[in-house]
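In what follows, a single structure is set out as structure tokens and then discussed.
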Amino acid sequence: MPKSGRDKKRDARTRKARTGAPLSAATTGTAHQHTAPPHLAALLDDTDPNRVYSRALTALDGTAQQDQALKLVGHLLGACDVKCRPCQDSAAALAVKAVPAPVVALAAAVYATHPGPGWVASETTRALWPAIRALADRGHADDLVAAAARLLPGQRRELLEDTLDMAMLTGMTHEQIVEHMPPVEVITIPVPEPEPDTEGTYGVLVGQVTMGDGRPLPMLTLYPETPTAGLDDLRRRTDWRDWDGITLPPIDFNWRLRTDIATRSLTELVHIDSEGWDGELLWRAGESVTLPQPWWDLLDRAQHVLVVGPSDDNGQPVAGATAVLARVSFN
């Protein structure tokens, strides 16, 4: 017997609920069936009860909707992997509204393999991360359940967006991570001619990165000017952390990027010792170069700058690059 219009609509809504595809696509039978790539599908393996995803979802939602949740989350990861925007948007909206527990469970599975929430993560994700670690490390789910219950729809959406961003970086090489970074506006600031047999000398490139809440952060990349400059030189002269292109390094107030307000230019990057005296001088401008007004305004708002080095010949941080979040001094 041919189906009535009402039956077709009901079936379309069922397909939409199962796949997260747009209702129009579900109605016409053209809904995409995206599959998560192997390294992400492994996170969702519900045959192993010890998997972080399984433990989190069981704690959050018991046995209810787990099969539906697994299909939806796998479809969402697959859509992100191939950059299918319509399916991403509709599946994400469905996950946040209809089955929010899988959003938190997916976050637990993704972030369990990382040492931190990532420097671009939203406040929502940062607040939830200790509870995720407690579940991953010790199997304690109470904090995660309590924190998840307090999440509003908008916060669940922030958590999902952060999780998907981190999931897409999972398994990538350093070079692939760098490809996902925002482009750097290259502005070369001259440096004085180096004295022979001195420490490595650097030039700087100015740019910016975007944090998890959408706010930009100024960035300064050091590139070698002399043969003695490079990764070994920076590691010997600084205590900067290794930078993976994801996690924001700690703030070190003793590192100062000094500027000249009158000329709207950068003057030097220096380390201040415990008594307030200048110590390690890492970079000094050879001449005054006026910076673009938007970047200067961003520096003024942020009051801090992400310093990364060294870079390769293309201005991108090398594998194993070091980084610090330095304070800006306006003089």
Rounded to the nearest 0.5 Å, how far does [atom2] of [Y] lie from [atom1] of [X]?
| X | Y | atom1 | atom2 | answer |
| --- | --- | --- | --- | --- |
| Leu106 | Leu159 | CG | CG | 8.5 Å |
| Leu205 | Gln316 | CG | CD | 9.5 Å |
| Asp239 | Leu234 | CG | CG | 11.5 Å |
| Asp252 | Ile272 | CG | CD1 | 10.5 Å |
| Ile132 | Thr163 | CD1 | OG1 | 6.5 Å |
| Glu280 | Trp255 | CD | CH2 | 5.5 Å |

Handout entry: Check against side-chain hydrogen bond (donor to acceptor under 3.5 Å, both in side chains), Thr263 and Ser288
Key = CA-CA 7 Å; Thr263 59; Ser288 177; 3.3 Å; yes
Does [X] use its side chain to pair, donor to acceptor, with the backbone of [Y] at less than 3.5 Å?
| X | Y | result |
| --- | --- | --- |
| Asp273 | Trp277 | yes |
| Arg237 | Leu281 | yes |
| His75 | Val73 | no |
| Thr226 | Thr201 | yes |
| Trp243 | Val308 | no |

Problem - Verdict with supporting geometry, Leu282 and Val270, side chain to side chain contact (heavy atoms under 4.5 Å, CB included) - result: CA-CA 6 Å; Leu282 202 57; Val270 64; over 6 Å; no
Handout entry: From CA spacing to verdict: side-chain hydrogen bond (donor to acceptor under 3.5 Å, both in side chains), Ser122, Asp162
Key = CA-CA 7 Å; Ser122 65; Asp162 289 345; 2.7 Å; yes
Closest non-hydrogen atom pair, [X] against [Y]:
| X | Y | result |
| --- | --- | --- |
| Leu60 | Ala148 | CD2-CB, 3.6 Å |
| Val145 | Ala59 | CG2-O, 3.6 Å |
| Pro292 | Arg264 | C-NH2, 4.1 Å |
| Ala127 | Pro130 | O-CD, 3.5 Å |
| Ala92 | Leu76 | N-CD1, 4.0 Å |
| Leu151 | Gln155 | CA-OE1, 3.5 Å |

Could you tell me if the side chain of [Y] sits less than 4.5 Å from the side chain of [X], heavy atoms only?
| X | Y | result |
| --- | --- | --- |
| Val204 | Thr221 | no |
| Pro249 | Trp240 | no |
| Tyr202 | Leu269 | no |
| Tyr111 | Val52 | no |
| Asp242 | Arg235 | yes |
| Leu222 | Pro310 | no |
| Asp312 | Tyr223 | no |
| Val305 | Val307 | yes |

If Ile, Leu, Val, Met, Phe, Trp and Tyr residues are connected whenever their side-chain heavy atoms lie under 4.5 Å apart, and connections chain through other members, are [X] and [Y] in the same group?
| X | Y | result |
| --- | --- | --- |
| Val104 | Leu164 | yes |
| Ile261 | Leu257 | yes |
| Ile251 | Leu298 | no |

Practice task
Please step through side chain to side chain contact (heavy atoms under 4.5 Å, CB included) for the pair Met219 and Trp295, ending with a clear verdict.
Solution key: CA-CA 10 Å; Met219 177 177 176; Trp295 199 85; over 6 Å; no
Practice task
Give the C-alpha distance, both sets of side-chain angles, the deciding distance and a yes or no for side-chain hydrogen bond (donor to acceptor under 3.5 Å, both in side chains) between Glu158 and Thr124.
Solution key: CA-CA 7 Å; Glu158 288 180 347; Thr124 298; 2.7 Å; yes
Exercise for the section: Kindly indicate, with the supporting measurements, whether the criterion side chain to side chain contact (heavy atoms under 4.5 Å, CB included) is fulfilled by Leu217 and Gln208. Expected result: CA-CA 5 Å; Leu217 180 72; Gln208 69 181 55; over 6 Å; no
Would you list the atom pairs, donor with acceptor, under 3.5 Å between side chains in residues 318-331 and any protein atom, with sequence neighbours excluded?
{"from": "Thr322", "atom 1": "OG1", "to": "Gly309", "atom 2": "O", "distance (Å)": "3.2"}

Problem - Residues Leu266, Val206; criterion side chain to side chain contact (heavy atoms under 4.5 Å, CB included); working and verdict - result: CA-CA 10 Å; Leu266 307 182; Val206 302; 4.1 Å; yes
Problem - Contacts of Arg150 that satisfy side-chain hydrogen bond (donor to acceptor under 3.5 Å, both in side chains) - sequence neighbours left out - result: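 Arg150 satisfies side-chain hydrogen bond (donor to acceptor under 3.5 Å, both in side chains) with no residue once adjacent residues are dropped.
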Problem - All side-chain hydrogen bond (donor to acceptor under 3.5 Å, both in side chains) counterparts of Glu268, not counting sequence neighbours - result: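 Glu268 satisfies side-chain hydrogen bond (donor to acceptor under 3.5 Å, both in side chains) with Arg258, Arg284 only.
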Exercise for the section: Return yes when atom CG of Asp300 has more than 12 non-hydrogen atoms of other residues, nucleotides or ligands closer than 6.0 Å, and no otherwise. Expected result: yes
